[in-house]
Amino acid sequence: MGYWIIATFFAFYVKGLCGFANTLVFTSILSFTAANINISPLELVLGYPTNLIISWKERKAIDLKIVLPLAIMVIVGSFGGALFLKNAEVTVVRIIFGVLVIFVGIEMLLREFSHKKTGSSKLMLTIIGILSGFLCGLYGVGALLGAYIGRTTDNMKAFKANICTVFVIENTFRIILYFFYGILTLSAFKRALMLTPFMLIGLVAGMLSAGKISEHVVKKIVIILLIISGIALILNNVL
C-alpha cells in the first residue's frame, strides 16, 4: 500500500502544479509492482475529480474553440482504437509517437528559450491536434494533447483550464467504456476511496505551489514532462 500512497501523492502534486502528467508519474512509480490493467482504472477514478476541480477553478479561462475539437478527436480516437489495437502492431506505433512527443517537446522548449515569439502554423496545429486525439484516445496518454494546448494558450491558467476540461470529457467517456468491458471493478473503486485523501493532499499542495512558482518556470516544467512522457513511451515498448 505504501507504493500506492507515494504514487498518488506525487502524481497529483504534479497534476495540481501543471494540469497533466499525473498518469505518467502514477504509472511510472507503480509499474514495478503492479500490472497496467490494475493501474489504469484506479488512476482514472482518482484523476476524474481532479480534472473537475481544476476545470471549475479556472473556468473563466476555458475556450470552447480549443476544447470541443480536441474532445471530438479524443472520442473518435477511442472508438478507432479498439479496431486499430485488434489489427495492428501497436508497439512500433507507440515508439513513433514517443519520438514525435520528444520532437514537439524539444521544439517547444527552444521556442520558450527564444526571445522571438512566433505563431504556430494552422497546418502544424491541425496535425498535432489530430495525433493528440488519436494518442490520448488509444493509450490514455495526454502528452501531445499538452503540446497542442501549450501552443494555443497564453498562460498556465488557460492551459490548465482547457486541458483538464478535455480530460473531463475523455474521462467520462473512458469510464463508460471501462464499465462496459469490465475493466473498472468494485475493488478499484474501494482502493481509490482509500487513496482519495492522499490525492487531495497532493492536488492542493501542487495548486498552492503553482501560485508561488513563476509561470515561466511552471511552463518549462510542463515542456520537460512532455519530453519525459515521450521517453517513457519509447522505453515502455522497447524494454
Side-chain angles (χ1 to χ4, degrees), residues 7-8 10-28 39-79 81 97 101 128-153 155-179 183-184 188 192 195-196 199-200 202-204 206-207 210 218-219 221-223 225-226 229 232-233:
T8 300
F10 282 108
F12 291 100
Y13 175 84
V14 171
K15 178 72 171 182
L17 183 66
C18 301
F20 85 118
N22 46 298
T23 303
L24 169 69
V25 176
F26 196 78
T27 304
S28 297
I39 297 171
S40 293
L42 181 57
E43 198 279 332
L44 176 61
V45 173
L46 285 171
Y48 189 66
T50 68
N51 288 312
L52 289 170
I53 290 168
I54 296 174
S55 296
W56 177 256
K57 181 176 181 293
E58 310 295 353
R59 61 192 179 279
K60 291 182 180 178
I62 294 173
D63 185 346
L64 294 180
K65 293 193 299 294
I66 295 173
V67 169
L68 292 179
L70 279 178
I72 291 169
M73 285 185 275
V74 167
I75 291 172
V76 169
S78 296
F79 274 119
F97 268 120
V101 170
I128 293 175
I130 292 171
L131 291 176
S132 68
F134 187 72
L135 182 60
C136 190
L138 282 175
Y139 313 127
V141 176
L144 278 176
L145 197 63
Y148 180 95
I149 295 177
R151 285 167 171 266
T152 54
T153 52
N155 55 68
M156 283 307 301
K157 282 182 177 290
F159 177 88
K160 288 182 179 181
N162 288 288
I163 197 168
C164 287
T165 303
V166 174
F167 280 140
V168 167
I169 297 169
E170 185 271 339
N171 286 177
T172 302
F173 183 74
R174 193 146 54 98
I175 284 172
I176 294 170
L177 279 183
Y178 277 17
F179 264 126
I183 298 172
L184 197 52
L195 293 171
T196 295
M199 174 271 283
L200 291 172
L203 182 70
V204 171
M207 292 170 72
V218 176
K219 192 169 184 180
I221 292 172
V222 168
I223 294 170
L225 284 171
L226 286 175
S229 296
L233 200 57

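One is the number of the first residue; the rest follow in order along the sequence.
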Item checked: Minimum-distance pair of heavy atoms, taken over all atoms of Met199 and Pro49 -> CE-CG, 3.9 Å

Check: Below 4.5 Å, heavy atoms only, C-beta onward: do Thr152 and Lys65 meet side chain to side chain?
Finding: no

Check: Within the distance-only criterion (no hydrogens, no angle test), does the side chain of Arg59 pair as donor or acceptor with the backbone N or O of Trp56 below 3.5 angstrom?
Finding: yes

Notebook entry, point to check: How many angstroms lie between atom CG of Leu42 and atom OG1 of Thr8, to the nearest 0.5 angstrom?
Noted result: 6.5 Å

Checklist line | Side chain Ser55, main chain Leu52, donor-acceptor under 3.5 Å | finding: no

Next item on the list: Start with the C-alpha distance between Thr153 and Ile163, add both sets of side-chain angles, then the distance that settles side chain to side chain contact (heavy atoms under 4.5 Å, CB included), and finish with yes or no.
Entry: CA-CA 10 Å; Thr153 52; Ile163 197 168; over 6 Å; no

Next item on the list: Considering non-hydrogen atoms only, spot the tightest contact between Cys18 and Ile221 and give its length.
Entry: SG-CG2, 3.7 Å

Check: Any side-chain heavy-atom pair from Tyr48 and Glu170 closer than 4.5 angstrom?
Finding: no

Notebook entry, point to check: Of all heavy-atom pairs between Pro69 and Leu64, which one has the smallest distance, and what is that distance?
Noted result: CD-O, 3.7 Å

Next item on the list: Using the side chain to side chain contact (heavy atoms under 4.5 Å, CB included) rule, take Val25 and Lys15 through it: C-alpha gap first, then chi angles, then the decisive distance, then the call.
Entry: CA-CA 9 Å; Val25 176; Lys15 178 72 171 182; over 6 Å; no

Check: If every non-hydrogen atom of Gly16 is compared with every non-hydrogen atom of Lys160, which pair is closest and at what distance?
Finding: O-NZ, 2.9 Å

Notebook entry, point to check: So, do Leu203 and Asn22 sit near enough that their side-chain heavy atoms are less than 4.5 Å apart?
Noted result: no

Check: Can you tell me how far the CD atom of Glu58 sits from the CG atom of Asn155, to the nearest 0.5 Å?
Finding: 9.0 Å

Item checked: Side-chain heavy atoms of Leu70 within contact of Asn162, under 4.5 Å -> no

Next item on the list: Could you tell me the separation between the CD1 atom of Ile53 and the CE atom of Met207, rounded to the nearest 0.5 Å?
Entry: 7.0 Å

Checklist line | Between CG on residue Leu44 and CD1 on residue Ile175, distance to nearest 0.5 Å | finding: 4.5 Å

Check: Minimum heavy-atom separation for Leu184 to Phe179, with atom names?
Finding: CD2-CE1, 3.9 Å

Check: Between Val45 and Ala192, what is the shortest heavy-atom contact and its length?
Finding: CG1-CB, 3.6 Å

Check: Under a 4.5 Å cut-off applied to non-hydrogen side-chain atoms, are Phe26 and Leu46 in contact?
Finding: yes

